[in-house]
Structures are given as C-alpha cells and as structure tokens.
Number of protein chains: 2
Amino acid sequence: MAEYQQKLDRVFHALSDPTRRAVIQQLGSGPASVSALADPHKMAFQSFSQHLKVLEDSGLVISEKEGRVRTCKIAGDALVNAQEWIAAQRRRWNEQFDLLDIYLSELQEKDVDDE
Amino acid sequence: MAEYQQKLDRVFHALSDPTRRAVIQQLGSGPASVSALADPHKMAFQSFSQHLKVLEDSGLVISEKEGRVRTCKIAGDALVNAQEWIAAQRRRWNEQFDLLDIYLSELQEKDVDDE
DNA sequence: TTGATACTCAGGTATTGACCTGAGTATCAA
DNA sequence: TTGATACTCAGGTCAATACCTGAGTATCAA
C-alpha cells in the first residue's frame, strides 16, 4: 500500500520537471547513451546526470553500462501505473457527473409530472 | 509552448504528494468543503490549506467561496492533459517496440533464406 | 602508453517544499 | 452582540531539489 504510494510519489515527481519529461520523450525514439541524452540540455553534465538518477529511481528509466557507455531506455511499467491512477480518478469523477445527470433528469421528470 | 510545459510541471508536481492525491480521490465522490477535505489528514489545517492551494494552482481543483465555506471540486482538464501526455509517450514507446518486432522478423526471414 | 572520452563522486549554494505556530477576518447561530 | 466556525495571512524551521565546480576512475583509440 504505502510502497505503491511512494512509487507514485516518485513517478509523478520525476514527471514534474521539463528536462526529465524531455528525456522520456527522447527515449521514445529508442535507447540512448547518457551523453546523447544530455546533449540537447544546457546544463552541466553532472546536473543532467542527477535528473537521470531521479528517472531511474522512479522506475521510469532503466540503464545498463557497457564499457564506458551507459545506455538508457524506458521501462514501461511506471508510466502505466501513473496513467492508470489518473484513469481511475477520471472514471470516479465521470461517474459523479453521470449520477448528477440522472438526478437532474429525475428532477425534470417530476417537473413534467407537476405541469 | 512553455506555458503548456509549466502547466504539466504544476500538475505532475501536484500529483506527486500522497495528501494531494488523496484529495483528488476524495473529490471523486463529489464536491466538498475545505474542512471536510482536511478532516482525514493529520496535519495543521493551515498546512492542509497549502496543499489545496497547490492543487488549485495546478488547475486540478477549482473552488468557490459562499459565506465562510469554500467548496472544492475537480476540474477535469488538467487531469486529462496529464493523462494524454503519458498516453502520447506510451504510444511512441510502443511504436519503437513494433519497429523492433518488424526488424527482428525481417532478420529471422533472412536467416530462413540463408538456411 | 598516452590522451581523450564517458561517466561518477563529493561537496557547496540558493531556492522551493512541507510542515509548524500565532494572529487575523468574515460569517453564522443563539 | 457574543462566541464559535471556517477559513486566511504572515512568518519561521528544516529537509529536499536543482543547479554548480572540481576531482576522480574506468575504458577505448591511436
């Protein structure tokens, strides 16, 4: 339970930064090395590296080192979890709308009866 | 452009805290006052109020004050935006998988040809 | 073997975040 | 009108975040 919540904390936190979202987007077109990912971003390589660490800690990205190159790719699960949490909230919220619709329809029917 | 990114920053940041996610969940069963929302959370009312401010700033929640009571409800759009961003990333990522599948199938066909 | 590459680690600073307390203000009920 | 309710505002602390610089350590290419 608490573990699932902490995972969501980390995933949403990871997604709350534009640099990190850009990395997810970059990795959408295939795996890449840390240098290749860092290249478009105007910041010290070490700063960028910390962003990657946040992404890895969140489970959104996984990486493997071969020689001196670390290659990163997206790990789907964390993204799925985040999307499903949002989807669940939207379902509940839409149900409320439906209930309201039903209630309003019923009210209207009564109005019609009263006429 | 940058505005859209900042909006996503705020939405994902808002969702990165368990108290705030709980509020979204609570509001899924209908509008509620600040006190009612604060009640289940063991923290100073003022602290909770700051969480609500984050939710409002993100556009996830809207509220209206009538008399001394502020009533809050979910505003769907921000949640939709967040979900769609994730969905778009997943689509791109799955396309990569599909491309890899095609590539691997082609490789295999060549192997078969070579036999 | 030497130099360049690709990270990796340690530490420093400035801002933001998550909580708190204390002191308002406005509204409503009696 | 008086007291309780429902916030609201100001400020303070402490930890976490987002950046930085400087100094490693491997690995690979020549």
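No experiment lies behind these values; they were computed from the predicted model shown. Reminder, nothing fancy here: chain letters follow the sequence lines and each chain counts from 1.
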Is there a Watson-Crick or G-U wobble partner for C:dT2 with both distances under 3.5 Å, and which nucleotide is it? D:dA29
Identify which nucleotide among D:dC7, D:dC20, C:dC7 has an atom closest to any side-chain atom of A:Met43, counting heavy atoms from C-beta outward. D:dC20
Any side-chain heavy-atom pair from A:Asn81 and A:Val11 closer than 4.5 angstrom? no
A:His41 NE2 to D:dC19 P: how many Å, rounded? 11 Å
For A:Ala44 and B:Thr71, find the nucleotide of DNA chain D closest to each by heavy atoms; which residue's nucleotide sits nearer the 5' end? B:Thr71
For A:Ser35, report the nucleic acid contact type (base, sugar-phosphate, nothing); a contact means any heavy atom under 4.0 Å. sugar-phosphate
Interatomic distance where CG belongs to B:Asp17 and P belongs to C:dT16 [whole Å]: 18 Å
At less than 4.0 Å, is any side-chain N or O atom of B:His51 found next to OP1 or OP2 of C:dG17? Yes or no. no
Measuring to OP1 and OP2 of D:dC20, would you say a side-chain N or O of A:Ser47 lies under 4.0 angstrom away? yes
When rounded to the nearest 0.5 angstrom, what distance separates CD in A:Gln89 from CD in B:Gln26? 11.0 Å
For A:Phe48 and C:dC9, give me the distance from atom CZ to atom P, rounded to whole Å. 17 Å
Can a side chain N or O of A:Arg70 be found less than 4.0 Å away from OP1 or OP2 on C:dT8? yes
Any donor-acceptor pair, under 3.5 Å, between the side chain of A:Gln46 and the base of C:dG11, if you only look at N and O atoms? no
Give a yes/no on whether any side-chain N or O of B:Arg68 is located under 4.0 angstrom from OP1 or OP2 of D:dA4. no
By nearest nucleotide on DNA chain D, pick out whichever of B:Ala36 and B:Gln50 is the more 5' one. B:Ala36
pair B:Arg20-B:Leu60: side-chain heavy atoms closer than 4.5 Å: no
For the pair made of NZ in A:Lys53 and P in C:dC7, what is the distance, rounded to whole Å? 16 Å
Base-pairing assignment for D:dA16 (Watson-Crick or G-U wobble, both under 3.5 Å): C:dT15
Tell me: CG of A:Asp9 to P of C:dG17, nearest whole Å? 15 Å
Counter-base of D:dG24, judged by Watson-Crick or G-U geometry with both distances under 3.5 Å: C:dC7
B:Leu15 atom CG is separated from C:dG17 atom P, nearest whole Å, by 15 Å
Under 4.0 Å from OP1 or OP2 of C:dT8: is there any side-chain N or O of A:Lys65 that close? yes
Please check if B:Leu37 and B:Val69 belong to a single hydrophobic cluster, counting links between Ile, Leu, Val, Met, Phe, Trp and Tyr side chain heavy atoms closer than 4.5 Å. no
Taking 4.0 Å as the cut-off, does a side-chain nitrogen or oxygen of A:His13 come that near to OP1 or OP2 on D:dA16? no
4.5 Å side-chain heavy-atom contact, B:Leu8 and A:Leu15: no
Would you mind reading off the distance between B:Arg20 atom CZ and C:dG17 atom P, rounded to a whole angstrom? 9 Å
Whole Å only: how far is the CD atom of B:Glu66 from the P atom of C:dA26? 18 Å
Taking the side chain as everything from C-beta on, heavy atoms only, tell me whether B:Glu64 gets closer than 4.5 Å to B:Thr71. no
